[in-house]
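Just so it is clear: chains get the letters A, B, ... in the order the sequence lines come, proteins before strands, and each one is counted from 1.
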Amino acid sequence: MYSYEYFLEEEEVATIVKKGKIVKKDTNEYFLPTSTTGQIVHHQGYSLSYNEKHEQAEWVAYELKKSHLSSINHKRPYFEVDKAVKTGAAHWRNYKKSGFDRGHLCPAGDRRYSKSAHDETFLTSNISPQEHKFNSGVWNRLEQKVRYWAGKYNGVFVVTGGVLKGSMKTIGDEEVAVPNQFYKVLIDNNTGKTKVIAFLMPHKDSKKPLYEFVVSVDEIEKLTGIDFCPQLEDKLENKLEASTNYKNWSF
DNA sequence: CTGTGCGTC
DNA sequence: GACGCACAG
């Protein structure tokens with residue numbers, strides 16, 4: 001049994017209750033992970049946990065609903081420093097001529113349903129330095145697969161970020177860290193039986209099929225110290241997080 | 001889709 | 001810095 005008393009309906013701002021305690025009330029706080037930094041910021045289209053030392057989010061979380069999928073083309077805006085980050089988000093100048101992309105964590109392609117939601121992804125709290133070949137290659141393939149699953153499974157919840165750990169190269173005056181790995185955790189709670197899948201990718205392009213990057217959520221939690229499904233009932237959480245089985249996800 | 005670079009104001 | 005357009009994987 002799920003521990004939720006409410007499931008979110010389209011456009012509904014519901015209150016999620018777990019064991020009688022209000023967890024969160026906005027849709028994009030659904031399945032919010034824990035923060036290792038204590039600095040969670042909520043935007044309209046996504047939430048994030050900011051790591052000041054490494055000048056980027058340790059995770060960005062959002063729900064990609066089927067209704068979000070859109071083919072509207074928006075003009076690409078300029079990146080802005082996220083003023084909601086109290087310790088000061090990185091300036092986009094750090095990325096200038098660094099040789100690295102400003103890689104979206106919540107992709108612009110996932111927020112095409114409105115101009116404001118699209119533009120909101122161009123905040124510096126929503127980007128990590130990524131090699132262009134990685135960003136436009138295997139990472140892009142994964143992002144497109146997420147959109148495919150959002151359509152197929154009537155929406156998925158997405159948590160994504162770089163692994164901010166170990167020895168990392170930095171860019172710019174603010175020393176924005178370049179992660180050596182990136183991860184994505186997907187939760188489908190809409191097709192009846194809750195299912196989870198996780199990906200961990202080295203920060204380099206690859207032509208391998210995406211399923212070769214599937215790992216257990218546990219593995220990413222051990223790497224990052226983040227708990228990705230604190231709202232799930234413990235028994236279900238343990239079972240789902242230990243699994244590397246991807247047979248329920250259509251590739 | 002994912003992005004950068006450059007000339008111009 | 002902001003804008004518009006060209007270009008690349």
Side-chain angles (χ1 to χ4, degrees), chain A residues 45-46 48 55-57 59-83 88-153 155-156 158-163 169-174 176-186 199-213 249-251:
Chain A
Y46 59 95
L48 64 98
E55 288 291 6
Q56 64 201 277
W59 54 254
V60 167
Y62 59 98
E63 188 176 13
L64 180 58
K65 300 181 183 187
K66 188 175 184 177
S67 63
H68 287 157
L69 300 173
S70 163
S71 55
I72 301 173
N73 280 314
H74 301 284
K75 186 186 170 189
R76 198 174 229 264
Y78 294 92
F79 280 94
E80 284 181 26
V81 177
D82 186 352
K83 288 172 183 152
H91 199 281
W92 51 264
R93 278 195 212 96
N94 292 290
Y95 291 75
K96 193 85 175 172
K97 293 186 177 175
S98 70
F100 289 88
D101 277 10
R102 303 158 170 106
H104 279 81
L105 294 174
C106 174
D110 283 2
R111 306 282 86 156
R112 290 171 75 177
Y113 55 89
S114 83
K115 173 69 173 160
S116 61
H118 172 266
D119 288 2
E120 192 184 49
T121 68
F122 286 76
L123 293 170
T124 56
S125 53
N126 184 44
I127 57 175
S128 290
Q130 291 183 330
E131 289 183 9
H132 184 67
K133 283 184 175 175
F134 172 78
N135 189 20
S136 64
V138 66
W139 190 247
N140 188 25
R141 273 198 289 141
L142 178 56
E143 290 176 339
Q144 291 185 42
K145 187 68 76 178
V146 171
R147 286 189 274 274
Y148 164 75
W149 282 327
K152 189 178 179 71
Y153 303 134
V156 289
V158 185
V159 183
T160 192
V163 177
K169 177 189 165 68
T170 65
I171 57 169
D173 293 339
E174 291 178 286
V176 181
V178 181
N180 296 306
Q181 295 164 292
F182 285 90
Y183 69 85
K184 224 176 253 295
V185 175
L186 309 174
F199 296 85
L200 182 65
M201 293 183 166
H203 187 183
K204 63 177 184 187
D205 193 24
S206 170
K207 289 178 178 171
K208 287 182 185 173
L210 294 172
Y211 54 75
E212 291 197 20
F213 297 99
W249 295 79
S250 166
F251 284 83

Could I get a table of every N or O pair under 3.5 Å where one atom is in the protein and the other is in nucleotides 2-5 of chain C?
unit_1: C:dG4; atom_1: OP2; unit_2: A:Lys75; atom_2: NZ; d: 2.4

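- Taking 4.5 Å as the limit, some side-chain heavy atom of A:Phe199 sits within range of a side-chain heavy atom of A:Leu186.
- Residue pairs meeting the side chain to side chain donor-acceptor pair (under 3.5 Å) criterion with at least one member in residues 202-213 of chain A: none, sequence neighbours excluded.
- Side chains of A:Phe213 and A:Pro202 form a contact here, defined as non-hydrogen atoms less than 4.5 Å apart.
- The aromatic rings of A:His104 and A:Phe122 lie perpendicular to each other, with more than 60° between the two planes, well past the 30° mark.
- A 4.5 Å side-chain heavy-atom check between A:His68 and A:Asp110 finds every atom pair outside the cut-off.
- Using a 4.0 Å heavy-atom distance criterion, A:Asn73 is classed as a sugar-phosphate-only contact.
- Interface residues of residues 128-147 of chain A facing DNA chain B, ordered by number: A:His132, A:Asn135, A:Ser136, A:Asn140, A:Glu143, A:Arg147; criterion, heavy-atom separation under 4.0 Å.
- The heavy-atom pair separating A:Lys66 from A:Gly151 by the smallest distance is CE-O, 3.4 Å.
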Step by step, work out the side chain to side chain donor-acceptor pair (under 3.5 Å) result for A:Ser250 and A:Tyr148.
-> CA-CA 9 Å; A:Ser250 166; A:Tyr148 164 75; 3.3 Å; yes
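- Between A:Phe182 and A:Phe134, the ring center distance clears the sub-6.0 Å criterion.
- Along DNA chain B, the nucleotide closest to A:Ile72 and the one closest to A:Phe100 are compared, and the more 5′ of them pairs with A:Ile72.
- Using a 4.5 Å cut-off on side-chain heavy atoms (C-beta onward), A:Arg141 and A:Leu210 make contact.
- Note that NZ of A:Lys169 is 8.0 Å distant from OG of A:Ser98, once rounded to the nearest 0.5 Å.
- Shown here is A:Glu131, whose CD atom has more than 12 heavy atoms of other residues, nucleotides or ligands within 6.0 Å.
- Atoms OG and CZ, on A:Ser116 and A:Arg111 in that order, are 10.5 Å from each other to the nearest 0.5 Å.
- Under the salt bridge (Lys or Arg N to Asp or Glu O under 4.0 Å) criterion, A:Arg102 pairs with no residue, sequence neighbours left out.
- Contacts of residues 116-126 of chain A with DNA chain B (heavy atom under 4.0 Å): none.
- Close approach of DNA chain B to chain A, defined as any atom under 4.0 Å from a non-hydrogen atom of the protein, starts and stops at B:dC1 to B:dT4.
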